[in-house]
Amino acid sequence: MSIVRHKSNKFLSGAVEANGMVYVAGMTADTLPASVTVQTTEVLAKIDALLAAAGSNKSKIVSATIWVTDIRFRDEMNEVWIAWADPANLPARACITAQLNNPLMSVEIAVIAVK
């Protein structure tokens, strides 16, 4: 089995391909401070790019985990998610409240997709 890693740094790989699957690490926005809408839009664009690099796309996402720093951000994040997601191919999904590593971050998203 071959394993391909994308956008690796000293801590992690942005995405890993293995066994026909693509595992995208938790993505956060680089543009800070910014609204939840801006951050979510940027995060989803990063996910699109990583999936494309691995030969996949959002219609092939099977699972998504979303972390928000305040559950009151869920509706704002969901507006962006709904506009972005493929309505015919929605993944299983969880949305969790969590403290992120930068207090200016409001949302982090990780996905698993089929190639």
Side-chain angles (χ1 to χ4, degrees):
M1 167 181 68
S2 73
I3 298 174
V4 179
R5 300 173 198 285
H6 300 271
K7 294 274 188 171
S8 298
N9 63 34
K10 64 182 178 179
F11 299 109
L12 56 85
S13 293
V16 177
E17 297 177 54
N19 262 359
M21 302 295 292
V22 181
Y23 302 86
V24 177
M27 294 287 113
T28 56
D30 296 320
T31 305
L32 301 171
S35 69
V36 174
T37 297
V38 169
Q39 288 188 41
T40 305
T41 301
E42 184 176 330
V43 167
L44 294 174
K46 285 182 171 183
I47 290 170
D48 277 334
L50 285 164
L51 289 173
S56 188
N57 62 65
K58 65 185 171 187
S59 74
K60 296 180 179 182
I61 296 173
V62 295
S63 179
T65 304
I66 302 168
W67 296 269
V68 292
T69 57
D70 187 321
I71 201 63
R72 292 174 291 186
F73 296 154
R74 186 174 184 213
D75 289 342
E76 187 176 348
M77 177 277 302
N78 272 334
E79 286 181 27
V80 179
W81 175 271
I82 290 166
W84 172 81
D86 181 343
N89 295 292
L90 295 172
R93 194 188 97 164
C95 185
I96 304 156
T97 302
Q99 181 178 348
L100 303 180
N101 73 344
N102 181 328
L104 297 176
M105 292 176 183
S106 299
V107 64
E108 181 170 346
I109 303 174
V111 302
I112 301 170
V114 177
K115 280 196 57 125

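If you read the sequence from its start, that first residue is 1, and numbering goes on from there. Every heavy atom of this structure was used, including side-chain atoms; hydrogens, water molecules and symmetry mates were not.
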Practice prompt. Hey, could you give me the OG1/CG distance between T69 and L100, rounded to the nearest 0.5 Å?
Written response: 6.0 Å
Worksheet item: How many angstroms lie between atom CG of D70 and atom OG1 of T97, to the nearest 0.5 angstrom?
Response: 7.0 Å
Item to complete: Taking atom NZ of K58 as the centre, report whether more than 12 heavy atoms of other residues, nucleotides or ligands fall under 6.0 Å from it.
Response: yes
Discussion item. With clusters defined by side-chain heavy atoms of hydrophobic residues (ILVMFWY) lying less than 4.5 Å apart, directly or transitively, does M105 cluster with V111?
Written reply: no
Fill in: Sub-4.5 Å side-chain heavy-atom contact between K60 and N89
no
Discussion item. To the closest 0.5 Å, what do you measure between CD1 (I71) and CZ (R74)?
Written reply: 5.5 Å
Enumerate, atom names and distances included, each donor-acceptor pair closer than 3.5 Å involving a side-chain atom of residues 12-25, sequence neighbours excluded.
residue	atom	partner	partner atom	Å
S13	OG	S8	OG	2.7
E17	OE1	K115	NZ	2.5
E17	OE2	H6	NE2	2.5

With a cut-off of 3.5 Å and sequence neighbours excluded, list every side-chain donor-acceptor pair involving residues 38-49.
residue	atom	partner	partner atom	Å
Q39	OE1	S106	N	2.8
Q39	NE2	A34	O	2.9
Q39	NE2	L104	O	3.1
T40	OG1	V36	O	2.8
T41	OG1	T37	O	2.8
E42	OE1	T31	N	3.2
E42	OE1	T31	OG1	2.7
E42	OE2	D30	N	2.5
E42	OE2	T31	N	3.4
K46	NZ	T28	O	2.6
K46	NZ	D30	OD1	3.2
K46	NZ	D30	OD2	3.1
D48	OD1	W84	NE1	3.2
D48	OD2	W84	NE1	2.9

Discussion item. Check for me, please, whether W67 and W81 land in the same ILVMFWY cluster - side-chain distances under 4.5 Å, paths through other members count.
Written reply: no
Worksheet item: Is it the case that one hydrophobic cluster holds both V80 and I61, taking links as side-chain heavy atoms less than 4.5 Å apart, direct or via other members?
Response: yes
Item to complete: Identify the two heavy atoms, one from S63 and one from P91, that lie closest to each other, and give their separation to 0.1 Å.
Response: N-CB, 3.7 Å
Item to complete: Measure the CG-CG distance between N57 and L51 for me, rounded to the nearest 0.5 Å.
Response: 7.0 Å
